[in-house]
Peer 1: 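Here it is: the structure, laid out below.
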Amino acid sequence: MPNHSVPLTPPPEGQSDLPRMQRRRVLGIATMAFGFFLFAMVDSLAKYLTDHFHPLQIVWSRQLGLLTGVLILLALKGASILRTEHRRLQITRGVLAALSAALFIYAVKYVPVADAVAISFVAPFIVTLLGALVLGETVGLRRWIAVTIGFVGALIIIRPGMGVMHPAGMLVVLAATLFALRQILSRTLAGADSTLTTVAYTAIASSAVLSVPVLFVWQTPEWGLPLALLVTMAVIAAVGETLIIRALELAEAVVLAPLHYTILIWATFYGWLIFDDLPDVWTWVGAAVIVVSGLYTLHRERLAKAR
């Protein structure tokens, strides 16, 4: 016998999808947060491993984990995921990924991970700057002010000329600039190629460009903790990349973008746990300035897209 307390008329169009969309959004947020938790772990392991291996070898091993995942995808889905009309741009993006990662690992050999992560947060401001200069995007006065304040936050952390931070801290700024160029290319490719295609080319191109110079600094790992951590880092990096991709499939990028800043929390935790490093007061002040400015920039970008 039917239960007449249940309405037989269907809900308004789109309303029945709301709970499902909300669940996907929550799952996307959790997935993205866990992905950044893993990335902070990868950065901390990379810093530890710089005492045993050359930074280039560490970066190459990290990219090898991602390449392995891509090769598995190629075996499952076929070469169709490599189909693109923008092969040069995809390869360039992969080269930029390799260079930015290498500079960051060079830097964390001398700079605390939390400090390096905080400085790297200038990347979104550089993206805004390049978006205006290269892509001709319209940037309002408020966003320009937020960008300027964000760079001031970076200066508070680095404090150039005061001898507070190792000069390698400037390598993080350069790495952030290359990362921003990579993001500009991502915007160009977003409407043309799938995320899987972009990740596949990034893995292949970055691994290829690193495979030549790594031969000149290669140290064959001996059995033991360093080798185990090198393999662990590569696996965690691959899992982290996969989680970020999955999160972007589950929820909107504008919802997920602020979660990037959670990596500073985990980087601070790992820095304290492994290296007994804690950021000083001015680093926290600078980081707070960058995060607030970054969140405001994201808010203004969201409003601009809505209009």
Side-chain angles (χ1 to χ4, degrees), residues 32-62 65 100-123 153-176 179 217 219 221-241 243 259-292 294:
M32 180 70 84
F34 189 54
F36 284 125
F37 170 80
L38 294 182
F39 279 146
M41 187 184 299
V42 168
D43 291 339
S44 300
L45 286 174
K47 178 177 176 64
Y48 176 83
L49 288 168
T50 56
D51 288 337
H52 302 274
F53 303 104
H54 193 278
L56 271 181
Q57 186 171 350
I58 296 170
V59 178
W60 181 85
S61 301
R62 176 176 174 168
S100 63
L103 288 170
F104 187 85
I105 300 304
Y106 265 107
V108 296
K109 180 178 175 66
Y110 306 101
V111 177
V113 176
D115 290 21
V117 168
I119 298 169
S120 73
F121 286 161
V122 300
L155 290 175
I156 292 173
I157 297 171
I158 300 171
R159 282 159 280 173
M162 297 180 66
V164 176
M165 180 169 288
H166 193 282
M170 294 306 298
L171 291 178
V172 182
V173 178
L174 184 54
F179 178 83
V217 297
Q219 295 173 259
E222 298 180 1
W223 288 100
L225 182 61
L227 176 59
L229 291 178
L230 199 65
V231 174
T232 300
M233 182 196 65
V235 172
I236 293 174
V239 173
E241 290 279 0
L243 288 175
L259 291 166
H260 183 212
Y261 295 109
T262 62
I263 196 172
L264 180 59
I265 299 171
W266 303 121
T268 302
F269 169 72
Y270 286 124
W272 166 76
L273 184 68
I274 301 173
F275 309 105
D276 198 27
D277 285 334
L278 279 175
D280 62 17
V281 173
W282 285 110
T283 298
W284 282 115
V285 170
V289 170
I290 291 173
V291 170
V292 171

Peer 1: Using every non-hydrogen atom in the two residues, find where M233 and L49 come nearest and quote the distance to one decimal.
Peer 2: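 Closest approach of M233 to L49, heavy atoms only: SD-CD1, 4.2 Å.
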
Peer 1: Can you name the closest pair of heavy atoms from S61 and A234 and give their distance?
Peer 2: O-CB, 3.2 Å

Peer 1: If you round to the nearest 0.5 Å, how far is CG of L230 from NE2 of H52?
Peer 2: 10.5 Å

Peer 1: Got a second to check how far T268's OG1 is from I263's CD1, nearest 0.5 Å?
Peer 2: 10.5 Å

Peer 1: Within the structure provided, determine whether L229 and Y48 are in side-chain contact (heavy-atom separation under 4.5 Å).
Peer 2: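 Result yes, sub-4.5 Å side-chain heavy-atom pair found.
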
Peer 1: So, for I157 and A287, which heavy atoms are closest and what is the spacing to 0.1 Å?
Peer 2: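 Scanning both residues, the minimum pair turns out to be CD1-N, 3.7 Å.
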
Peer 1: On a heavy-atom basis, which atom in I290 and which in F121 lie closest, and how many Å separate them?
Peer 2: CG2-CB, 3.3 Å

Peer 1: Going by heavy atoms in the side chains, are L264 and F269 under 4.5 Å from each other?
Peer 2: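 They are not in side-chain contact.
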
Peer 1: Name each donor-acceptor pair under 3.5 Å that joins a side chain in residues 32-46 to protein atoms two or more places apart or in another chain, with its distance.
Peer 2:
| from | atom 1 | to | atom 2 | distance (Å) |
| --- | --- | --- | --- | --- |
| D43 | OD1 | R62 | NH1 | 3.3 |
| S44 | OG | A40 | O | 3.0 |

Peer 1: Might you work through the side-chain contact (heavy atoms from CB on, under 4.5 Å) test for L171 and H166, ending with a clear yes or no?
Peer 2: CA-CA 10 Å; L171 291 178; H166 193 282; over 6 Å; no

Peer 1: Where is the tightest heavy-atom contact between V289 and G153, given as atom of each residue plus distance?
Peer 2: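 Heavy atoms of V289 and G153 come nearest at CG1-CA, 3.8 Å.
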
Peer 1: Which residues satisfy the side-chain contact (heavy atoms from CB on, under 4.5 Å) test with V231, sequence neighbours excluded?
Peer 2: L227, V235

Peer 1: Counting C-beta onward and ignoring hydrogens, is there a side-chain heavy-atom pair between F179 and S120 closer than 4.5 Å?
Peer 2: no

Peer 1: If you compare all heavy atoms of A154 against all heavy atoms of V122, which two are closest, and at what distance to 0.1 Å?
Peer 2: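 Looks like CB-CG1, 3.3 Å.
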
Peer 1: For residues 102-116, dump all side-chain donor-acceptor pairs below 3.5 Å to protein atoms at least two apart in sequence or in another chain.
Peer 2:
| from | atom 1 | to | atom 2 | distance (Å) |
| --- | --- | --- | --- | --- |
| Y106 | OH | H54 | NE2 | 3.3 |
| K109 | NZ | T50 | O | 3.0 |

Peer 1: Once you round to the nearest 0.5 Å, how far does CD1 of I119 lie from CG of L174?
Peer 2: 12.5 Å

Peer 1: Counting neighbours of CD on E222 that are heavy atoms of other residues, nucleotides or ligands and sit closer than 6.0 Å, is the number greater than 12?
Peer 2: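 Open: at most 12 neighbouring heavy atoms sit under 6.0 Å from CD of E222.
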
